[in-house]
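What follows is a single structure, written as structure tokens, with notes after it.
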Amino acid sequence: MLRVRLQIRHRREVFQLLECELAPLPSRHPQKPVLDEMNVKQPLPDRLIIERRWMRLKGSPVFGVGPLLVRIDFVEIGVHRFLHCSRESTLARGQFVSSITAYNKPFVSLESSSYGESHPTRISTRAPHVTAWHRQGKSIIHLEIGEPDFDTPANVVEAGVDALHKGWTHYGPSAGLPELRQALAEYVSRTRGVKVAADEVVVVPGGKPIIFFTILALIDEGDEVIYPNPGFPIYESMIHYVGGTAVPIHLKEERDFSLDVNELAALIKDRTRLIILNSPQNPTGGILERRDIEQIAKVIGDRNIMVLSDEIYSRLLFDGGQHFSIMSVPGMQERTILLDGFSKTYAMTGWRMGYGVMRPDLAAHMTRLMTNSNSCTASFTQVAGIEAIRGDQSSVDHMRDEFQRRRDVFVAGLNQIKGFSCRMPKGAFYAFPNITKTGWKSKPLADALLEQAGVAALSGTAFGEFGEGYLRFSVANSLENLQLALDRIDQWTKQNL
Ligand SMILES: Cc1ncc(COP(=O)(O)O)c(C=O)c1O
């Protein structure tokens, strides 16, 4: 019988447990008991690896329920000590244990592991604190992560599994499966009120490659790119990477983080090649209204400037808001590269699938970039994508309504906390409170909340220089955890401000 100490994560919460036993399953289970085979000796070896087995976890006090049936994907004891488990039989619906970490010794620091000797890993100064926090058995509420906490809708998962069984496991066309490109062309035509053909759609592994490929395809050294700041950090880093000049446009709180068109006009120069728009916006939750976008198009006029319109949160608008794309403005379609994807809308971040819509000559160029980099997006993922885009959309509405509910509670709560003030975000799933009245800078405050209050958020400066004075919290977590996070931050401010 292997006795281990377990740490169980439920969604993003870590619950520390005391000693538990891992026992073989009864023989009626199709998998063989693992410990019999392992002939575990005492003391346990420094590294013990158990892979992909089913086991019963005895006496687990997780959430006050009885024994768990867990599937162990991988355990390493002594170095990494990861023990992932998926699916169990006894938890109530809606509760799901996503992973377990098991260890039979106190944590060793990475520096003392044999892996680190020749090429020591440089770890951020924050990491040891997190470990210490975890070691003390304290939980961290993770509000720093930018992905839905929901699982991919069941119909989409089933389509993906079915596709795997049917052999969608081979290379496909670089630009995407024709049926998916057609489905996306129809979807974009319908939602943006423009005529889009399948050869104007390029399917790529996630939304990010469209940012990468657009900048790679359009920007030469010295070309200027105007981009939102605070904004998704990948824009700026990609512009720098290709030797372009990154020209930030400051998104201001007093404008609800929409951009100032006059300021944009002043930033446009002869060398401006590309303007990046993002609505709904990460990290602020701001949106560009139809009239903003029409004015932006007017300011661009008939200049040969391309627009990368990042609309990855287009289905996450609150209070009945309607998304409007610059692609819909007459005369702008041929100068717009529309980025959208499946990650946020269908909670498919790990599947890696997104797409760009652009005129055919540019689509052909992006397809060449795909051929030279990824070859194609995973075929079974794309088959699931067809189901996502054409199938039942109720889960999309459900997730949006749920994010709105959480946003309402969380933003109201933040506004009660000393030194915090937060505008109501109109889309995406982030809150971006102003924290200047705390007297703290963003990064030290984010670090302090993590280390002393057990709440993880991102510093606004992770999104560019104009993010100073703000923190970004994701509301993609349960209401219960959001409330707990508010309580902890409140308590922390009462003790420290
Ligand atoms: C504004 C924005 N664009 C693009 C992406 C990339 O999405 P994906 O995970 O599909 O690459 C993200 C992800 O966080 C995002 O926030």
Side-chain angles (χ1 to χ4, degrees), residues 142-150 152 156 176 180 184 201-216 225-239 248-249 251 257-259 274-288 307-317 323 325-326 336-357 366 369-370 373-374 377-378 381-382 384-385 388-389 396 399 403 425-432 457-458 460 462-464 466-467 472-477:
H142 290 277
L143 304 184
E144 81 281 30
I145 300 165
E147 67 167 339
D149 57 326
F150 296 96
T152 306
V156 179
L180 179 58
L184 291 170
V201 178
V202 183
V203 180
V204 294
K208 262 186 193 171
I210 293 296
I211 302 172
F212 188 30
F213 293 162
T214 298
I215 292 174
L216 215 50
V225 183
I226 300 174
Y227 72 101
N229 188 326
F232 190 45
I234 308 305
Y235 309 139
E236 190 182 294
S237 60
M238 274 308 303
I239 300 163
I249 178 149
L251 303 187
F257 300 108
S258 71
L259 61 78
L274 181 69
I275 296 172
I276 301 177
L277 302 178
N278 174 213
S279 175
Q281 214 244 352
N282 178 7
T284 65
I287 62 163
L288 295 170
V307 176
L308 171 62
S309 183
D310 184 340
E311 303 178 20
I312 200 136
Y313 297 99
S314 59
R315 299 283 289 275
L316 282 169
L317 269 118
H323 178 68
S325 170
I326 195 161
T336 302
I337 296 142
L338 184 152
L339 180 166
D340 206 335
F342 296 77
S343 298
K344 319 288 176 174
T345 306
Y346 300 101
M348 292 178 77
T349 47
W351 295 69
R352 306 313 298 140
M353 180 168 47
Y355 57 95
V357 180
M366 293 233 183
L369 287 171
M370 270 297 285
S373 55
N374 298 279
T377 306
T381 294
Q382 293 188 65
I389 210 85
V396 180
M399 281 192 265
F403 288 139
K426 295 178 177 158
F429 40 68
Y430 307 109
F432 200 64
L458 290 182
F463 301 91
F466 298 128
R472 190 197 79 170
F473 293 91
S474 162
V475 297
N477 208 320

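Worth saying up front: this structure is predicted, and the values here are computed from it rather than measured. The figures that follow rest on heavy atoms only: side chains count, while hydrogens, waters and symmetry mates do not. Counting starts at 1 for both ligands and their atoms, in listed order.
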Next item on the list: From the options Lys208, Glu147, Lys344, Met348, select the one whose nearest heavy atom is closest to atom 13 (C) of ligand 1.
Entry: Lys344
Note to self: Suppose I only count heavy atoms of Arg352 and a 4.0 Å limit; which atoms of ligand 1 are within that range?
What the structure shows: 8 (P), 9 (O), 10 (O), 11 (O)
Notebook entry, point to check: Which atom names give the shortest non-hydrogen contact between Ala457 and Phe473, and what distance separates them?
Noted result: CB-CE2, 3.5 Å
Margin query: I need the minimum non-hydrogen distance between Phe213 and Val204, along with the two atoms involved.
Written below: CE1-CG1, 4.0 Å
Checklist line | Atom indices of ligand 1, in the order listed, that fall short of 4.0 Å to a heavy atom of Tyr235 | finding: 1 (C)
Margin query: In the structure I gave you, are the side-chain heavy atoms of Thr377 and Met370 within less than 4.5 Å of one another anywhere?
Written below: yes
Checklist line | Numbering as shown, the atoms of ligand 1 that approach Asn278 to under 4.0 Å (heavy-atom distance) | finding: 1 (C)
Check: Quick one: does ligand 1 sit under 4.0 Å from the side chain of Phe342, the backbone, both or neither, non-hydrogen atoms only?
Finding: neither
Note to self: Could you check whether any side-chain N or O of Tyr235 sits under 3.5 Å from a backbone N or O of Tyr227, counting only pairs where one atom can act as donor and the other as acceptor?
What the structure shows: no
Notebook entry, point to check: Using a heavy-atom cut-off of under 4.0 Å, does the side chain or the backbone of Phe463 touch ligand 1, or both, or neither?
Noted result: neither
Next item on the list: Would you mind listing which atoms of ligand 1 come within a distance below 4.0 Å of any non-hydrogen atom of Tyr313?
Entry: 1 (C), 14 (O), 15 (C), 16 (O)
Check: Which of the numbered atoms in ligand 1 are below 4.0 angstrom from a heavy atom of Gly206?
Finding: 10 (O), 11 (O)
Item checked: Mutual orientation of the aromatic rings belonging to Phe429 and Phe403 [parallel < 30°, tilted 30-60°, perpendicular > 60°] -> tilted
Note to self: Would Tyr430 count as being in polar contact with ligand 1, using the rule that some N or O on each side must be under 3.5 angstrom apart?
What the structure shows: no
Check: Can you check whether Phe232 has an N/O within less than 3.5 Å of an N/O in ligand 1?
Finding: no
